[in-house]
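Written below as structure tokens is the structure these notes are about.
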Amino acid sequence: MRLWILVLLICLIVSSSCAATTNTSNLLLNLTTNITPVISQVPVVSLSTTTQTTTVPTSGPTTLVTQVPTTAEPTKTPTKEITLIPTLKPIKVPVTIPKNPAIVPNTTITPAPATTSTLLPTLEPTIKPVISLKPALSSSLVTQGLSPITGLSLSGNFSFISSPSGATVTFDGSPSGTTPVTLAVDESSSTPHTIKMEKSGFQDWTSSLDHNPAAGTTETITATLQASPLNGSISVSSTPSGATVAIDGSDIQTTPHTYPEVIPGSHTVTVSKDGYTPYTTPVTVASGAESVVSAVLNQVSTTGSLTVDTYPWGAAIILNGVVYGITPAHYDAIPTGTYTMQLAKFGYQPVTQTIEISSGKESKVEVALPRYFPPTGTLSIRSYPSGGVVTLDGDFHGVTPVRIHGINPGSYNVRVSIPGYLDWIGIVDVVAGRETSIYGTLTPKGTTVHTGSIALTSTPSGASVILDSRPQGITPMTLQNIPGGTHTLILTYPGYEPVTTTTTVQEGTTSQLSVSLNPYTAQNLTPGLITLSDDAAAYLSIHGRTQALTDFNNPSSGFSSDTKYVLALDLNGTVLADAANPELVGLNLSQNSNPVSTGLLVSSLAKMGGGSLYATNLTIGDKPVSLLYVRPAISGIIISAVTPVDGMVSPIFSGDPERMKESVHAAVLHAKDLKREEAEANIEADSYSSASDMLLHTFDSNSTADTDQNGVSTTSLLIAVAENGGGFVWVPMFDGSDHSILTLGYAEMVDDSWGIWASSVEKGHEIIVMMDAVPVVVSV
């Protein structure tokens, strides 16, 4: 038993010794690989068996290297991963030092440092040493761009060559010598690189590289320089001289001046001088040549022009407090600058605006003058039967018929009461400056009446409304107590075409009705007559036939003046109202031709939508020719505004009107059997009449009409009388100049597309332009 215990102890001792030896060896190996050594040259030595123990210093472990001497290429020690075991005790490491080592040429022996004791940390870091054994290397390793540790290349080279050589090289903005030159560039340098080569007498050569040279290589960059062309010159003169000249916006000089050494190619020369329009021209400069620029400067104008037009015409033009004239007007040579312009016309609100007159330019002003309305309105109320007591928002205002003046604009509740009748109740809108008319039909009590309402609006608002031939007021409005069934409404508004429409009223409901009116499209018409006819049409719509005709015949009513008045005809041409010529009332102008039937012509023009015409038989005795503006018929009445044309009398015609009519009629009958081209050729050859006092012409029913200074259209008048079976008409004739003459014509239609008419060849009277009753002679 003791023997077994003794054997066991011996085994434990031996095992402990072996383990200690192993741990020591492992620790030694860990210390020797703690730091990757830098070995520039590795010695090759012969080792003996002498062993010496050395203590590892605290500052860092010493690597134990054992090499077998050899003349062949040294063996590379592989890299190992070793984990250090921490200890606090110094460790002595045995180091074998060779005796009398045999030194191989080109080797260096690094002696082992003295042995010191080192306390190892208690932590357990993992260290991965890398030990590389390489053969001896040259001292030029670093200068060749190679790693001193691994011997690998870190950069390459760019070699710059130019033809011819001697060019200055700029690499990435830094001067880098003259060609030929080689530059080392690190493989990690940022790209792209910019390259520029310059040499006197040659054009600059530029390029870029988006890469670096491969490590350890040389990449050659070759540039062929192009010789610089010879420069040219530009000689600049101006009229007047002393102007400022610039080439391509720079190098400012004074004319005359010559720019030397100008690079060949395209350039821009600018010459300027105060008070003159700048002169700019492109110039192409050739190599070694001189380009010449001779600039003639135009003096800047100090005036401009102004054109002013208003609707209606006849407004006074006032610039900076000075009256220049009336519209329409055109003025030249107005000094440049800013002006305050005022346009003023009686019955309209003045318009003031700022205008700018620019040098050599035309300024245009077009203004529609707003009508002037008093701040209050008028309400006219009638009833059937009459004698109804009227209250407005509960306040008594008289007995129907009644006219209430000075009412502030707004909506009011109107009640009309008559004993034995149901009250008439309605809502009315009073508009400033206008008279609103109401006509109420009262229902006897005990009568069962099925009624509804009509809510009516219009565009533009303020249109006069006629319901079943009875005026009702202006839009917007609600017509109440309207018997059920279909009703006819007529809406009129100054400057707009009347609209006739129907609507159906149902018992106990309100019909919604919205009406849009279209403005008259006629152009170049005498504005004073248009305004008067618009006012008369609105008055007729509001006040009804009887009241309107009474006022139209009253010289003091405002519908008659020394310059213009209202003429009213029925559809047959009978005069219903004429304040200037009361003797004509009741006369049928369609029967009084001599030879033009004014009544027939007015009726025909009204059916076509209206327009302007000249008339000679509106007055008794030797009086001037009259100019009319005709509106479409309203409620069977044709309203025309009339003005005498001062200085004009009936045109002279000494020929036979009947022969004129016969010639046209014969030509029409013959043309019906021919193609139009053949008929027109015969008309041009004067095959239908040899009379010396007339000429035959053709006209189209859809042609653009010739219009004279007063808005009278020759073609429109010819079509109007021709479509009514033929007739005579006074028409303006145009000779291509700035004026026209008034002559007699007769027209008939060949078919729906064209017609034939005859004109007198005798000279008529020059037509006088009318500007709101202010005559201006166009020609004499």
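Being a predicted model, the structure only gives us computed values, none of them experimental.
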Compile the donor-acceptor pairs under 3.5 Å between side chains in residues 264-276 and protein atoms, sequence neighbours left out, one pair per line.
unit_1 : atom_1 : unit_2 : atom_2 : d
His267 : ND1    : Asp248 : OD2    : 2.7
His267 : NE2    : Ile263 : O      : 2.6

key: Within residues 240-264 or reaching into it, pairs that qualify as ring-ring contact (aromatic ring centres under 6.0 Å, His included) - sequence neighbours excluded   = His257-Tyr259

note = Quick note, ring-ring contact (aromatic ring centres under 6.0 Å, His included) partners involving residues 196-251, not counting sequence neighbours, are none

request  = Test side chain to side chain donor-acceptor pair (under 3.5 Å) on Ser155 and Glu187 and set out the steps.
outcome  = CA-CA 5 Å; Ser155 64; Glu187 62 181 352; over 6 Å; no

Contacts under 3.5 angstrom, residues 278-290 side chains, donor-acceptor by atom type, not counting sequence neighbours:
unit_1 : atom_1 : unit_2 : atom_2 : d
Ser287 : OG     : Leu230 : N      : 3.1
Ser287 : OG     : Leu230 : O      : 2.8

request  = Check Gly166 against Lys199 and note the closest heavy-atom contact, atom names and distance.
outcome  = O-NZ, 4.0 Å

inquiry  = Do the side chains of Lys364 and Asp309 get close enough for a salt bridge, i.e. N-O under 4.0 angstrom?
reply    = no

Steps toward side chain to side chain contact (heavy atoms under 4.5 Å, CB included) verdict (Gln353, Val365) = CA-CA 10 Å; Gln353 59 181 249; Val365 177; 3.5 Å; yes

key: Pairwise side-chain contact, Thr182 with Phe158, heavy-atom cut-off 4.5 Å (strictly under)   = no

Pairwise side-chain contact, Leu343 with Ile317, heavy-atom cut-off 4.5 Å (strictly under) = yes

Just list the side-chain donor-acceptor pairs under 3.5 Å for residues 169-176, sequence neighbours left out, or say none.
unit_1 : atom_1 : unit_2 : atom_2 : d
Asp172 : OD1    : Thr194 : N      : 2.8
Asp172 : OD2    : His193 : ND1    : 2.7
Ser176 : OG     : Ser174 : O      : 3.0

request  = Would you list the pairs meeting ring-ring contact (aromatic ring centres under 6.0 Å, His included) in which at least one residue belongs to residues 214-256, sequence neighbours left out?
outcome  = none

query = Under 4.5 Å between any side-chain heavy atoms of Met197 and Thr179, yes or no?
reply = yes

key: Taking every non-hydrogen atom, the tightest pair across Glu198 and Asp204   = CG-OD1, 3.6 Å

